[in-house]
Amino acid sequence: MRITCPHCGERGNEEFAYLGDATVRRPDDAGAARPGAPEFERWMDYVYLRDNPAGRHRELWQHVHGCRAWLVVTRDISTHAIFSVEDARAAALARPSLVARDAAS
Amino acid sequence: MAEIALSPPLSAFAALARHGRHGRAEGPAGVVVEELRGLALATVIARKGRAADLAAACRASFGVEPASTPRRTAKDGLAVVWSGPGQWLAVAEKGHPLTAGGADGLADALRGALAGLASVTDQSDARGALRLSGPRVRDALAKGLALDLHPRAFRPGDAASTWCALIDVQLWQVDAAPTYDLLVARGFAGSFWHWLEASAAEFGLEVR
């Protein structure tokens with residue numbers, strides 16, 4: 001698998017480290033100790049529960065043996081086909097904030 | 001308190017590099033290597049949102065515009081090598097005025113000129129530096145470097161941080177001869193040297 005770093009260009013995946021699921025969002029509330037409470041479930045989901053789709057997924061990778069930037073790689077987990085590679089910081093700044101999302105829902 | 005006199009930095013490769021010819025003895029050397037000694041090095045990392053101001057201050061103070069892509073820019077023996085988003089390695093050649101006060105001279109000058117814009121860390125003793133050239137240098141490097149160094153893909157001034165023989169390296173092309181400068185973390189100098197000596201042997205390696 002070859003990953004095209006938006007900063008360095010195409011490199012082999014041995015230069016990169018997988019750093020987890022890029023779809024999870026840290027809840028912005030303080031949480032709750034009581035199972036069943038919405039805050040508890042949100043934190044449970046954020047800390048422990050991960051989807052494992054046999055297909056397209058968004059993942060965090062770091063170009064650890066190159067420019068050391070964190071990246072968001074959108075790829076097909078079954079075929080290893082890569083659809084896009086974004087700078088993680090740029091991707092995080094571009095997405096709507098949790099506050100805005102909560103206000104809209 | 002007594003003054004502490006620091007001895008000049010020791011060569012990273014002194015105990016390893018045996019001057020002369022290694023490997024194939026016939027014909028001209030395919031690979032020529034020399035250690036770059038006396039470099040002053042410093043990492044420059046932009047503070048949040050200050051990369052553009054940093055570039056302007058660097059241009060005003062040193063006459064060098066830091067690149068925003070993997071490139072090396074230089075003026076009068078002072079180079080700035082892109083090493084990541086918002087990060088550069090400043091390299092002053094041996095004998096550059098900024099190295100006059102010892103290796104810290106470069107870092108001090110950068111800290112002064114880029115105050116509030118960047119974090120600067122001296123790296124002069126942290127790297128071993130080699131200059132590689134010769135007609136077969138690309139073939140030797142290709143044994144450990146998964147980077148396309150063909151002239152259409154990598155040109156003078158281009159820089160890269162990558163892996164070579166499973167060792168983190170930072171390299172840039174100096175000229176079209178081709179000549180490359182390559183830095184490794186000092187602790188890996190021995191591993192890297194043994195790989196280089198073995199990889200260049202079939203082409204004839206000249207150590208200067």
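Just so we're on the same page: letters track the sequence lines, and every chain starts at 1.
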Counting neighbours of [atom1] on [X] that are heavy atoms of other residues, nucleotides or ligands and sit closer than 6.0 Å, is the number greater than 12?
X: Asp175(B); atom1: CG; result: yes
X: Met44(A); atom1: CE; result: no
X: Phe188(B); atom1: CZ; result: no
X: Arg21(B); atom1: CZ; result: yes
X: Arg34(A); atom1: CZ; result: no
X: Lys143(B); atom1: NZ; result: yes

Chain A-proximal positions within residues 65-83 of chain B [heavy-atom distance under 4.5 Å]: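 Heavy-atom contacts from residues 65-83 of chain B to chain A are Pro70(B), Trp82(B), Ser83(B).
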Residues in residues 150-170 of chain B near chain A [non-hydrogen atoms, under 4.5 Å]: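 Contacts with chain A: Ala160(B), Ser161(B), Thr162(B), Trp163(B), Asp168(B).
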Option in Gly86(B), Ala146(B), Pro85(B), Gly84(B) with maximal non-hydrogen atom pairs under 4.5 Å from chain A: Pro85(B)
Partner chain B: residue of Arg89(A), Glu14(A), Arg68(A), Glu10(A) with the largest heavy-atom pair count (under 4.5 Å):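 Winner by heavy-atom pair count: Glu14(A).
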